[in-house]
Protein chains: 2
Amino acid sequence: MAQSDTVDRILDAAEELFADRGFSETSLRMITSKAKVNLAAVNYHFGSKNALIHAVFARFLTPFSATLENAFDELEARCDGEPPTLNQTLWALTESAVRMPQRNEKGISIFMRLLGLAYTQSQGHLRKFLEQEYSQPFSRFMRLLKEATPQLSSVDRYWRIQFMLGATAFTMSSSDALRDILQNKLGVETTVQEIAARLVPFLAAGMQAEDAMLVPPSHKSSVA
Amino acid sequence: MAQSDTVDRILDAAEELFADRGFSETSLRMITSKAKVNLAAVNYHFGSKNALIHAVFARFLTPFSATLENAFDELEARCDGEPPTLNQTLWALTESAVRMPQRNEKGISIFMRLLGLAYTQSQGHLRKFLEQEYSQPFSRFMRLLKEATPQLSSVDRYWRIQFMLGATAFTMSSSDALRDILQNKLGVETTVQEIAARLVPFLAAGMQAEDAMLVPPSHKSSVA
DNA sequence: GTCTGTTTGAAACATACGTTTGACCGGCAA
DNA sequence: TTGCCGGTCAAACGTATGTTTCAAACAGAC
């Protein structure tokens, strides 16, 4: 199941519990009892609960950001000077995520949910930590998005990126539950890869939508 | 500023603090001291912290769902048998939200953030409460979406609705922070109405995107 | 084997939480 | 006045939290 090493057992338990219940709602005692280690081990090995949260993120995010940088390198090399298209950029990201070595079958969805929590559950220290540690691949992704959508104003692009992040984080964070519902209602099986394959066209279409109208349409109009 | 009635003062303070910090991170002592009422007043008037959370939602959601039902009635009457378009349906929703009478200038964004938190911060009791109390307008919205996108398969529509919910809940749940970032980086002021006006075309375009490709594009292809 | 630094263990610490209690106040009906 | 009753208040309750303590167990080097 897991390594018998205390540090990893704590990280495994914390990762799963945080994803299930959020950060504040998960106590160190839940974590240590699930990990079958002593309560004091968390503060001994990590220093504090906040530092444990950082470590949970770092364990996934550090190798992921390396993989992502490689994918971007390869993409830009293939494009040979031309800026990569929006589709190519989005696929580079999703493939990097999907192809990360998983600790277990829930690997991706757990981490997507954690990322979503990090964004919504506004833990100041976490936001600061992520910005400090992983600003480089994030900025690079932003630059690629900018070059792939030169027709958008900065403000439009900014908001549409937030919409993309939202759709992605939200969907992935609850993908287990959503897959179950679909299975029960329509009898359809779905993999994370298939969700991603449906998500990317949705995002690309949204990003490339006609100019946002800043006023609601008149009550009589009806755009197809 | 506010009514000097204890119940309303508690609701006002709780609403704002919940939106700023989340539910678990907001203590009754913070609420009562901000509201300048005695600590015991919350349990006296509402019974428990969870019941207070429900009351905060009910104060906004009950009139909103009435407004929304009216907007849907009016929309369907205008369409005279024809199913309303996707744009019309989405605008009926956002206009109902934007036009709700506001307690103060932060009214909408506070409540959008609360709705986002309700969805992401999976408090079991809250989910249950909202489903029990407000299932009718929700189901109606779903039916309108279905009739507005007959070209989609049930599975595609299901996932794309999740993507829309995600983009909306996520954006609105952090809209204050996002607005601040935009203000600092680009010096642009943004209202919730403007965010909604940018969000709706994004969602509509995503919903109406061409068929999802179920396989990533080959490494050489490059779709515009 | 003995020493040394690291890791675990059970217990306690101080603090914060949601909730409850019982005294107290003010208006109103009898 | 008297008695009541909805509301407020300070104080306490029991519990759970993150963190610290210090002794015991362990591992590796000499």
Side-chain angles (χ1 to χ4, degrees), chain A residues 1-59 114 117-118 121-129, chain B residues 2-59 114 117-118 121-126 128-129:
Chain A
M1 172 96 37
Q3 307 90 327
S4 82
D5 182 26
T6 303
V7 170
D8 286 323
R9 292 236 303 282
I10 292 174
L11 286 173
D12 289 340
E15 179 178 275
E16 199 158 336
L17 285 170
F18 285 153
D20 276 356
R21 324 173 27 95
F23 303 113
S24 323
E25 294 82 356
T26 302
S27 72
L28 292 184
R29 284 168 177 82
M30 293 179 200
I31 295 170
T32 53
S33 81
K34 179 183 178 90
K36 297 200 178 69
V37 302
N38 189 271
L39 169 62
V42 169
N43 282 281
Y44 175 77
H45 286 286
F46 298 94
S48 69
K49 183 181 180 182
N50 281 352
L52 169 62
I53 297 177
H54 297 175
V56 167
F57 277 85
R59 184 169 64 151
L114 286 180
L117 287 180
Q121 202 156 323
S122 68
Q123 305 245 11
H125 67 95
L126 222 191
R127 187 85 64 108
K128 209 169 297 178
F129 170 77
Chain B
Q3 307 91 327
S4 83
D5 182 26
T6 301
V7 170
D8 286 323
R9 293 238 301 283
I10 292 174
L11 286 172
D12 289 340
E15 180 177 275
E16 199 159 336
L17 285 170
F18 286 153
D20 276 356
R21 323 173 28 93
F23 303 112
S24 323
E25 294 83 356
T26 301
S27 71
L28 292 185
R29 286 169 174 82
M30 293 180 200
I31 294 170
T32 53
S33 81
K34 181 184 177 88
K36 296 199 178 70
V37 302
N38 187 272
L39 170 62
V42 170
N43 283 282
Y44 177 77
H45 287 286
F46 297 94
S48 70
K49 183 181 179 180
N50 280 352
L52 170 62
I53 297 177
H54 297 175
V56 167
F57 276 85
R59 184 169 64 152
L114 287 180
L117 286 181
Q121 197 157 325
S122 66
Q123 303 247 8
H125 68 96
L126 222 190
K128 211 169 295 177
F129 170 78

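Everything numeric in this text was worked out from a predicted model, so none of it was measured.
For A:Phe57, the ring-ring contact (aromatic ring centres under 6.0 Å, His included) criterion is met by A:Phe111, not counting sequence neighbours. For A:Ser24, the side-chain hydrogen bond (donor to acceptor under 3.5 Å, both in side chains) partners two or more places apart in sequence, or in a different chain, are B:Glu25. In this view, B:His45 satisfies the ring-ring contact (aromatic ring centres under 6.0 Å, His included) rule with no residue, not counting sequence neighbours.
Between B:His125 atom NE2 and C:dG18 atom C1' the separation is 13 Å, expressed in whole Å. C:dA16 atom P lies 13 Å from atom CZ of B:Arg21, rounded to whole Å. Rounded to whole Å, atom P of D:dG7 lies 9 Å from atom CG of B:Asp5. Rounded to whole Å, the distance from CD1 on B:Ile31 to P on C:dC17 is 11 Å.
The two atoms that bring B:Phe23 and B:Ala118 nearest to each other are CE1-N, 4.3 Å, heavy atoms only.
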Please tabulate, for side-chain N and O atoms in residues 30-42 of chain B, each donor-acceptor pair with protein atoms closer than 3.5 Å (sequence neighbours left out).
from, atom 1, to, atom 2, distance (Å)
B:Thr32, OG1, B:Leu28, O, 3.0
B:Thr32, OG1, B:Arg29, O, 3.3
B:Ser33, OG, B:Arg29, O, 3.3
B:Ser33, OG, B:Met30, O, 3.3
B:Asn38, OD1, B:Ala40, N, 2.9

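Between A:Leu114 atom CG and A:Glu16 atom CD the span is 10.5 Å, to the nearest 0.5 Å. Atom CD1 of A:Ile10 and atom CD of A:Glu15 lie 13.5 Å apart (nearest 0.5 Å). Between A:Ile53 atom CD1 and A:Phe18 atom CZ the span is 4.5 Å, to the nearest 0.5 Å.
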- Message: Across nucleotides 12-28 of chain D, 5' to 3', mark each nucleotide with B, S or - according to how protein heavy atoms within less than 4.0 Å reach it.
- Response: B----BBBBB-------
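Using a 4.5 Å heavy-atom threshold, the side chains of B:Phe46 and B:Val7 count as touching.
Sorted by first and then second residue, the pairs that involve residues 48-58 of chain B and meet side chain to side chain donor-acceptor pair (under 3.5 Å), not counting sequence neighbours, are B:Asn50-B:His125, B:His54-B:His125.
Dashed line: the shortest gap from a side-chain N or O of A:His45 to OP1 or OP2 of C:dT8 is under 4.0 Å.
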- Query: Stepwise, does the side chain to side chain contact (heavy atoms under 4.5 Å, CB included) test hold for B:Leu117 with B:Leu126?
  - Reply: CA-CA 10 Å; B:Leu117 286 181; B:Leu126 222 190; over 6 Å; no
Could you list the protein-to-nucleotides 23-28 of chain C atom pairs, N/O on both sides, closer than 3.5 Å?
none

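Note on the helix from C:dG1-D:dC30 to C:dA30-D:dT1: angle between the axes of the first and last five pairs equals 20°, rounded to 10 degrees.
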